[in-house]
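In what follows, a structure is listed as structure tokens, so that the remarks can point back to it.
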2 protein chains.
Amino acid sequence: MVVDQLREVELDRLFQAFADSTRRDIVRRVTVGESSVSGLAALYAMSFAAVQKHVAVLERASLVTKEKRGREQIVRGNHEGLQKARRLLDEYEAIWRQRVDRIADILAEG
Amino acid sequence: MVVDQLREVELDRLFQAFADSTRRDIVRRVTVGESSVSGLAALYAMSFAAVQKHVAVLERASLVTKEKRGREQIVRGNHEGLQKARRLLDEYEAIWRQRVDRIADILAEG
DNA sequence: CTATCGTACAACCAAATGGTTGTAGATCAG
DNA sequence: CTGATCTACAACCATTTGGTTGTACGATAG
């Protein structure tokens with residue numbers, strides 16, 4: 001399925017975005033309350049440009065949105081991306097539970 | 001906290017492991033039913049060594065276990081790693097919900 | 001015993017990642 | 001207007017990643 005290829009790329013980006021502790025921290029912070037890019041940059045021991053790149057990665061993964069306000073760029077958490085990741089892991093868990101149930105069935109038969 | 005640094009590295013590995021569609025597929029398959037490394041390798045349009053590396057990444061992330069059986073190496077899904085990832089995303093969702101609730105409270109007051 | 005199978009691992013390569021510095025354009029404060 | 005602030009983006013660099021091929025070795029089948 002062609003559609004699923006898109007979905008796979010989307011998931012690649014999603015999990016890739018989560019695979020860095022600075023980015024996870026940014027998601028946490030902007031979910032609690034919005035912040036400018038420079039506001040975020042002040043929190044980490046790295047350059048502004050580095051933080052800017054992290055925000056860009058999160059934006060591409062739909063985990064965060066950016067909105068211009070004056071000369072600042074306001075970053076906010078985006079629930080949708082989060083839900084997508086959770087839903088996938090839920091699927092995996094469901095598969096796992098099915099397997100456990102099947103084994104339980106086999107044991108019950110024996 | 002020093003302990004949390006370990007946890008962060010662990011999470012890096014976990015999400016990094018999920019950030020590849022081949023690896024997600026492997027997790028799905030070996031969760032449904034165990035498989036040898038060569039059995040898995042036969043499924044994908046890449047070399048045995050490449051699949052071997054993917055399995056190693058999953059093993060390091062505790063998403064999969066390997067066990068020698070004769071000359072084969074049997075790969076199985078590991079529920080623990082999956083749960084860890086889900087729990088983290090649950091945390092994020094909880095933070096989000098708190099925020100939404102807070103906004104709802106503010107609106108209720110107004 | 002010998003050939004084959006399944007695995008491990010090293011060496012190599014191209015591309016992506018995570019960081020840097022530097023330059024330049026808006027926007028705001030005084 | 002001038003200077004400071006916030007952002008964007010390019011160029012560069014080291015390391016990691018995802019793939020390859022080739023070699024070696026234990027376990028199994030005939």
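Proteins come first, then strands; the chains are lettered A, B, ... in the order of their sequence lines, and each starts at number 1.
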Expressed as a whole number of angstroms, how long is the span from B:Gln16:CD to D:dG18:C1'? 11 Å
Tell me the interatomic distance from B:Phe48, atom CZ, to C:dG6, atom P, rounded to whole angstroms. 9 Å
Do A:Ser21 and B:Asp12 have side chains that get closer than 4.5 Å, going by heavy atoms? yes
A:Gln52 vs D:dA8: side-chain N/O to OP1/OP2 distance below 4.0 Å: yes
Could you tell me whether A:Asp90 and A:Arg87 have a side-chain N and a carboxylate O separated by less than 4.0 Å? no
Please report, rounded to the nearest Å, how far the P atom of C:dG18 is from the CG atom of B:Asp12. 9 Å
Identify whether any heavy atom of A:Ala49 sits under 4.0 Å from a base atom; if not, whether one sits that close to sugar-phosphate; answer base, sugar-phosphate or nothing. base
Would you tell me if any nitrogen or oxygen in the side chain of A:Ser38 comes within less than 4.0 Å of OP1 or OP2 on D:dT7? yes
Do other residues, nucleotides or ligands put more than 12 heavy atoms under 6.0 Å from the CZ atom of A:Arg60? no
Taking only side-chain N and O atoms of B:Ser47, does any of them lie within less than 4.0 angstrom of OP1 or OP2 on D:dG19? no
Does A:His54 put a side-chain nitrogen or oxygen below 4.0 Å from OP1 or OP2 of C:dT17? no
Could you tell me how far apart B:Met46 (CE) and D:dT20 (P) are, to the nearest whole angstrom? 7 Å
Taking only side-chain nitrogens and oxygens of B:Ser36, does any of them come within less than 4.0 Å of OP1 or OP2 of C:dG6? no
Protein-nucleotide distance (A:Arg24, atom CZ; C:dG18, atom P), rounded to Å: 11 Å
Examine A:Met46 and A:Val55 and state if one hydrophobic cluster contains both, with Ile, Leu, Val, Met, Phe, Trp and Tyr joined whenever side-chain heavy atoms are less than 4.5 Å apart. yes
Transitively linked via ILVMFWY side-chain contacts under 4.5 Å: B:Val51 with B:Leu43? yes
Would you mind telling me which residue lines up with the more 5' stretch of DNA chain C, B:Lys53 or A:Lys53, judged by nearest nucleotide? B:Lys53
DNA chain C contacts among residues 62-78 of chain A, heavy-atom distance under 4.0 Å: A:Gly70, A:Arg71
To the nearest angstrom, the OH-P distance between A:Tyr44 and C:dG18 comes to 15 Å
Among residues at least two apart in sequence or on other chains, which ones pass ring pair (Phe, Tyr, Trp, His ring centres under 6.0 Å) with B:Phe15? A:Phe18
Measure CG/A:Asp20 against C1'/D:dT17 and give the value in whole Å, please. 15 Å
Establish whether A:Leu88 and B:Trp96 are linked, either directly or via other cluster members, by ILVMFWY side-chain heavy-atom contacts under 4.5 Å. no
Give the rounded distance in Å between these two atoms: CZ of B:Arg23 and P of D:dT17. 9 Å
